[in-house]
Asks: 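Below is a structure I'd like to ask you about.
Both counts, for ligands and for their atoms, begin at 1 and track the order of listing.
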Amino acid sequence: MNAETPISMPIPGHIDPVPVPRAITPRADGRSDLMGLAREDIAALLEAAGLDRKQAKLRSKQLFHWIYHRGVTDFDAMTDIAKPMRPWLAERFVIGRPEIVEAQVSSDGTRKWLLRTDDGQDYEMVFIPDADRGTLCISSQVGCTLNCRFCHTGTMRLVRNLTPGEIVGQVMLARDALGEWPKGAMDRLDEDEDAAAYTADGRLLTNIVLMGMGEPLYNFDHVRDAMKVVMHGDGLALSKRRITLSTSGVVPMMARCGEEIGVNLAVSLHAVTKEVRDEIVPLNRKYGLEQLLQACADYPGASNARRITFEYVMLKDKNDSDDDARELVRLLKGYGLPAKVNLIPFNPWPGAAYECSDPDRIKRFSDIVFEGGISAPVRTPRGRDIMAACGQLKSASEKKSRAELDRLAEEKQAALG
Ligand code: SAH
Ligand code: SF4
């Protein structure tokens with residue numbers, strides 16, 4: 001990685017991964033951002049800055065705790081770190097958060113944040129509160145290269161992978177916003193005190209889904225590293241059972257996802273024939289249905305207790321017939337999959353080429369799958385009024401630039417006419 005590495009790149013093609021992953025965003029002030037780093041990475045940075053190995057190891061353990069368990073961003077608040085050490089750290093490091101461009105709250109309580117990277121690219125995150133859980137929907141990329149025909153994110157022109165810091169940063173920001181860091185006597189914590197006693201209870205944020213912008217398996221390394229930090233018991237400590245990664249079907253990465261991350265898997269199936277899936281999920285032309293379902297059958301860790309979720313967006317007269325429902329059951333059973341189906345009413349966006357199936361049709365489809373022995377609830381769309389629902393995420397700056405382009409085109413037209 002060097003400073004010349006391009007930070008954003010044009011879409012290389014419908015079904016190719018973004019070729020140049022970036023690790024850490026370089027900062028203009030020369031300090032390194034510790035956000036998203038694992039304990040060993042923090043230790044390595046401390047050692048490179050001059051601490052001996054033993055010191056680096058000890059300090060990295062303390063820093064990890066303060067950063068991810070307590071949510072602290074100011075080195076001066078780290079009371080178990082020797083006083084002279086704190087300014088030394090602050091000269092060399094920062095503990096960053098994504099910049100918030102805009103925060104919105106829906107009438108149903110769903111919240112959406114528009115965030116900006118250091119190099120000025122926008123991405124979004126959504127929090128969905130329910131009676132028994134709070135789900136944070138996070139992004140793995142700015143935009144998405146895959147261009148699924150029904151997805152707003154897929155129409156963004158520029159795409160880049162988010163760094164581990166930008167991915168973990170979303171979770172940190174949500175915790176900040178929800179006021180969920182362990183309360184306790186932060187300012188009075190001294191060296192003898194048992195820090196483990198400070199645990200958050202009554203958490204609002206209980207689950208994470210990688211269902212925001214981007215294809216997480218096209219940014220595998222960063223997503224894996226970020227999730228490891230999020231799951232680490234000394235930090236945010238979210239269980240892998242409460243994290244779900246959604247993929248449109250990047251078959252070659254699915255086994256590694258199970259082995260190296262170990263989270264729940266959701267697969268955006270959306271169609272049961274080659275013809276329809278090729279049209280609406282272009283990645284299907286590269287990895288077909290059979291290959292995809294076989295990779296699901298082989299997914300490490302899947303069992304009847306931990307089923308794979310098959311997402312199915314309901315598109316009027318496209319994939320919503322009785323035959324489609326029956327074929328869905330046949331396929332899932334044929335591969336012996338521990339499966340549940342999640343029916344997603346299509347969320348419209350300006351310019352979309354599809355319509356949502358009628359409620360009666362969705363109900364009928366759901367009934368057929370249920371009768372086939374597979375659970376198939378219909379997902380309630382959340383946050384529609386603030387464009388926070390599934391597949392609607394697209395940064396405001398992109399929307400604005402589009403609007404601006406339209407305005408310019410109109411002006412040109414007027415000038416010509
Ligand atoms: N790229 C990953 C994860 C992000 S998309 C994937 O495709 O799985 C999260 C989910 O929203 C996917 O199931 C996606 O197909 C669905 N989705 C996209 N656009 C949608 C829309 N307009 N209405 C409803 N669901 C949509
Ligand atoms: Fe990308 Fe998922 Fe949208 Fe397809 S549905 S374009 S894979 S974000």
Asks: Should Arg382 and Asp130 count as an ion pair when the cut-off is N to O under 4.0 Å?
Replies: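 The answer is yes: the pair qualifies as a salt bridge.
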Asks: Which atoms from ligand 2 have a heavy atom of Asn147 less than 4.0 Å away?
Replies: 6 (S)
Asks: Answer yes or no: does an N/O atom from Pro216 fall short of 3.5 Å to an N/O atom of ligand 1?
Replies: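 There is no such contact.
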Asks: At what distance, to the nearest 0.5 angstrom, does NZ of Lys286 lie from CD of Gln291?
Replies: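 Separation between the atoms: 10.5 Å.
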Asks: Ignoring hydrogens, just give me the one of Gly212, Pro216, Cys151 whose non-hydrogen atom is nearest atom 5 (S) of ligand 2.
Replies: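 Checking each option, the heavy atom nearest atom 5 (S) of ligand 2 is found in Cys151.
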Asks: Under 6.0 Å from the CZ atom of Arg53, do we count more than 12 heavy atoms belonging to anything else shown?
Replies: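 No.
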Asks: Apply side chain to side chain donor-acceptor pair (under 3.5 Å) to Tyr354 and list each qualifying residue two or more places apart in sequence or on a separate chain.
Replies: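 Testing Tyr354 for side chain to side chain donor-acceptor pair (under 3.5 Å), a comparison that skips the adjacent residues, returns Glu279.
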Asks: Report, in ascending order of atom number, the atoms of ligand 2 lying under 4.0 Å from any heavy atom of Cys144.
Replies: 1 (Fe), 6 (S), 7 (S), 8 (S)
Asks: For Cys137, which of Val126, Ile208, Thr244, Leu210 qualifies under side chain to side chain contact (heavy atoms under 4.5 Å, CB included)?
Replies: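 In the set Val126, Ile208, Thr244, Leu210, the residue that makes a side chain to side chain contact (heavy atoms under 4.5 Å, CB included) with Cys137 is Val126.
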Asks: At the 4.0 Å heavy-atom cut-off, does Gly212 count as touching ligand 1?
Replies: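 In this structure, Gly212 qualifies as a contact of ligand 1 - some heavy atom is under 4.0 Å.
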Asks: With salt bridge (Lys or Arg N to Asp or Glu O under 4.0 Å) as the test, would you mind laying out the steps for Asp320 and Lys316 before giving the verdict?
Replies: CA-CA 6 Å; Asp320 61 352; Lys316 189 175 196 161; over 6 Å; no
Asks: Whether Asp323 and Arg326 form a salt bridge (side-chain N of Lys/Arg under 4.0 Å from carboxylate O of Asp/Glu) is what I want to check.
Replies: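 A salt bridge links Arg326 with Asp323.
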Asks: At less than 4.0 angstrom from any non-hydrogen atom of Cys151, what atoms of ligand 1 do you find?
Replies: 18 (C), 19 (N)
Asks: Could you tell me which atoms of ligand 1, counted from 1 in the order shown, lie closer than 4.0 angstrom to a heavy atom of Trp349?
Replies: 22 (N)
Asks: To the nearest 0.5 angstrom, please state how far the CZ atom of Phe75 sits from the CD1 atom of Ile81.
Replies: 8.0 Å
Asks: Give the atom numbers and elements of ligand 2 that come within less than 4.0 Å of a heavy atom of Leu146.
Replies: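 The atoms of ligand 2 under 4.0 Å from a heavy atom of Leu146 are 7 (S).
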Asks: With a 4.0 Å cut-off on heavy atoms, is Gly214 touching ligand 1?
Replies: yes
Asks: Any nitrogen or oxygen of Ser268, main chain or side chain, under 3.5 Å from a nitrogen or oxygen of ligand 1?
Replies: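 There is such a contact, yes.
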Asks: Please could you name the atoms of ligand 1 that Asn347 approaches to less than 4.0 Å, counting only its heavy atoms?
Replies: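 Listed by number with element, the hits are 21 (C), 22 (N), 23 (N), 24 (C).
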Asks: Report the member of His270, Glu311, Met211 with the shortest heavy-atom distance to atom 15 (O) of ligand 1.
Replies: His270
Asks: Under a 4.0 Å heavy-atom limit, does Leu146 contact ligand 1 with its side chain, its backbone, both, or neither?
Replies: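 Looking at Leu146 and ligand 1, no heavy atom falls under 4.0 Å.
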Asks: Give the atoms of ligand 1, by number and element, whose distance to some non-hydrogen atom of Phe150 is under 4.0 Å.
Replies: 15 (O), 17 (N), 18 (C), 19 (N), 20 (C), 21 (C), 22 (N)
Asks: Under 4.0 angstrom from ligand 1, any heavy atom of His152?
Replies: no
Asks: May I ask you to list the atoms of ligand 1 that are less than 4.0 angstrom from any heavy atom of Thr247?
Replies: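 Reading through ligand 1 atom by atom, the close ones are 6 (C), 8 (O).
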Asks: In terms of side-chain geometry, is the basic nitrogen of Asp221 or Arg224 positioned less than 4.0 Å from the acidic oxygen of its partner?
Replies: yes
Asks: Please state which part of Ile344 comes within less than 4.0 Å of ligand 1, counting heavy atoms only: side chain, backbone, both or neither.
Replies: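 Contact part for Ile344 vs ligand 1: side chain (C-beta onward).
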Asks: For residues 331-341, pull every pair meeting side-chain hydrogen bond (donor to acceptor under 3.5 Å, both in side chains), keeping only residues two or more places apart or in separate chains.
Replies: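 Residue pairs passing side-chain hydrogen bond (donor to acceptor under 3.5 Å, both in side chains), neighbours aside: none found.
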Asks: Under 4.0 Å from a heavy atom of Ser248: which atoms of ligand 2 are those, numbered in the order shown and with their elements?
Replies: 7 (S)
Asks: Between atom CG of Asp33 and atom CZ of Arg97, what is the distance when rounded to the nearest 0.5 Å?
Replies: 9.5 Å
